[in-house]
Amino acid sequence: MVIVAAVNESDKDEAVLREATSLSRAFDEPVHVVYVLSSGDFVEIERENIKETGNAVDRDRIDEYVTGVASEFAEELDVPAEAVGLVGNVTDNILRYAEEQDARYLVIGLRKRSPTGKAVFGSVAQSILLNTDQPVVSVLDR
C-alpha cells in the first residue's frame with residue numbers, strides 16, 4: 001500500500017505533503033507524489049509549441065516534464081517517496097492511480113469557496129471525494 005499525495009503546483013501542496021509525510025511515518029508506507037497535467041493545459045502547451053516551432057510536442061518530453069514536477073515535490077520529503085507524472089483528466093487519473101496502487105490514503109488539498117462557487121463550479125477535490133473507495137484525507141492550508 002502507499003500514501004498518494006495529489007499535488008498541482010498550488011499553495012495547498014505544502015499542506016498535502018506535510019499530511020502525506022505524517023501518514024507515511026504513522027503507517028510505514030511510501031508516499032507517491034502524483035502530479036497530473038490536465039488535458040486543457042496539455043492542449044495549450046501543444047498549441048504554443050506548434051505556433052513557435054511548427055511541430056507537435058513530443059509526448060516523451062511532456063511525460064518527462066510532468067514526472068519532473070512530481071519529482072521536485074517528492075525530493076522535499078524525508079520519507080520514501082516516488083514521483084508520478086500523468087497527463088489527462090485530473091480527477092480520473094488521480095482516482096485510477098490511487099485504485100491501481102490500492103492506496104491506504106489519498107491526500108488532497110481543498111480551497112475555500114463561497115456557497116455559490118461550490119454550487120456553480122465543479123471541483124477536482126469534490127469529484128475525488130464523491131467517486132473513490134479509498135480513504136481520503138483533505139487538507140486546507142491556512
Side-chain angles (χ1 to χ4, degrees), residues 1-25 27 29-142:
M1 295 185 119
V2 301
I3 308 299
V4 173
V7 297
N8 64 353
E9 295 183 299
S10 74
D11 56 350
K12 299 178 297 271
D13 293 334
E14 186 176 321
V16 167
L17 295 172
R18 192 171 40 248
E19 186 63 29
T21 298
S22 177
L23 290 166
S24 172
R25 287 187 182 120
F27 294 101
E29 301 283 0
V31 175
H32 286 200
V33 178
V34 177
Y35 171 75
V36 182
L37 179 69
S38 72
S39 300
D41 288 344
F42 174 77
V43 168
E44 185 60 33
I45 290 169
E46 183 90 286
R47 189 176 298 135
E48 286 297 317
N49 198 65
I50 289 171
K51 190 186 311 181
E52 291 175 14
T53 68
N55 298 316
V57 175
D58 179 4
R59 180 57 195 252
D60 289 339
R61 286 185 58 216
I62 292 294
D63 290 340
E64 288 173 17
Y65 167 75
V66 295
T67 301
V69 171
S71 292
E72 289 176 18
F73 288 107
E75 289 170 2
E76 295 177 21
L77 304 181
D78 60 356
V79 295
E82 182 176 320
V84 180
L86 304 168
V87 178
N89 180 285
V90 176
T91 301
D92 291 347
N93 274 283
I94 292 170
L95 290 174
R96 184 174 28 258
Y97 188 80
E99 185 176 322
E100 287 171 357
Q101 297 300 312
D102 192 25
R104 181 179 290 267
Y105 286 100
L106 171 55
V107 185
I108 60 172
L110 298 178
R111 64 179 177 190
K112 282 193 168 189
R113 295 179 7 168
S114 69
T116 303
K118 292 175 188 173
V120 175
F121 300 105
S123 163
V124 169
Q126 180 178 348
S127 294
I128 287 172
L129 288 167
L130 295 173
N131 293 297
T132 188
D133 293 327
Q134 269 72 34
V136 177
V137 176
S138 56
V139 295
L140 182 62
D141 192 20
R142 297 184 189 256

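Keep in mind that the numbers below use all heavy atoms, side chains included, and drop hydrogens, waters and symmetry copies.
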Seminar exercise, completed: In this structure, CG of Leu95 is separated from CG of Asn131 (nearest 0.5 Å) by 6.0 Å
Residues 98-110, side-chain donor-acceptor partners within the protein, below 3.5 Å, at least two apart:
{"residue": "Arg104", "atom": "NE", "partner": "Glu29", "partner atom": "OE2", "Å": "3.3"}
{"residue": "Arg104", "atom": "NH2", "partner": "Glu29", "partner atom": "OE2", "Å": "3.2"}

For this session: State, with a plain yes or no, whether a side-chain heavy atom of Val33 is found less than 4.5 Å away from one of Leu77.
Result: yes
Seminar exercise, completed: When every non-hydrogen atom of Ser127 is compared with those of Thr91, the smallest separation belongs to CB-CG2, 3.5 Å
Can I get a per-line list of side-chain donor-acceptor pairs under 3.5 Å for residues 64-76, giving both atom names and the distance, sequence neighbours left out?
{"residue": "Thr67", "atom": "OG1", "partner": "Asp63", "partner atom": "O", "Å": "3.0"}
{"residue": "Ser71", "atom": "OG", "partner": "Thr67", "partner atom": "O", "Å": "2.9"}

Problem set entry | CD1 on Ile3 to CD on Gln134, rounded to 0.5 Å | 11.0 Å
Exercise. After noting the C-alpha distance and the side-chain angles of Val36 and Ile94, does the key distance pass the side-chain contact (heavy atoms from CB on, under 4.5 Å) rule?
Worked result: CA-CA 8 Å; Val36 182; Ile94 292 170; 3.9 Å; yes
For this session: Could you list all the salt bridge (Lys or Arg N to Asp or Glu O under 4.0 Å) pairs where at least one residue sits in residues 32-58, not counting sequence neighbours?
Result: Glu44-Arg47, Glu48-Lys51
Exercise. Looking at CG of Asn89 and OG of Ser39, how far apart are the two atoms once the value is rounded to the nearest 0.5 Å?
Worked result: 6.0 Å
Problem set entry | Test item: Ser24 side-chain N/O and Ala20 main-chain N/O as donor-acceptor pair under 3.5 Å | no
For this session: Please name all residues satisfying side chain to side chain donor-acceptor pair (under 3.5 Å) with Asp60, sequence neighbours left out, ordered by chain then number.
Result: none
For this session: Go through the steps to decide whether Val87 and Arg59 satisfy the test side-chain contact (heavy atoms from CB on, under 4.5 Å), and finish with yes or no.
Result: CA-CA 10 Å; Val87 178; Arg59 180 57 195 252; 3.4 Å; yes
Exercise. For Val34, which of Val84, Val90, Asn93 qualifies under side-chain contact (heavy atoms from CB on, under 4.5 Å)?
Worked result: Val84
For this session: Taking side chain to side chain contact (heavy atoms under 4.5 Å, CB included) as the test, write out the residues that go with Asp133, two or more places apart.
Result: none
Problem set entry | Donor-acceptor under 3.5 Å (Asn49 side chain, Ile45 main chain) | no
Seminar exercise, completed: The reported gap from CG in Leu86 to OH in Tyr35 (rounded to nearest 0.5 angstrom) is 11.0 Å
For this session: Tell me, please, which residues at least two apart from Ser10 pass side chain to side chain contact (heavy atoms under 4.5 Å, CB included).
Result: Asn8, Lys12, Asp13
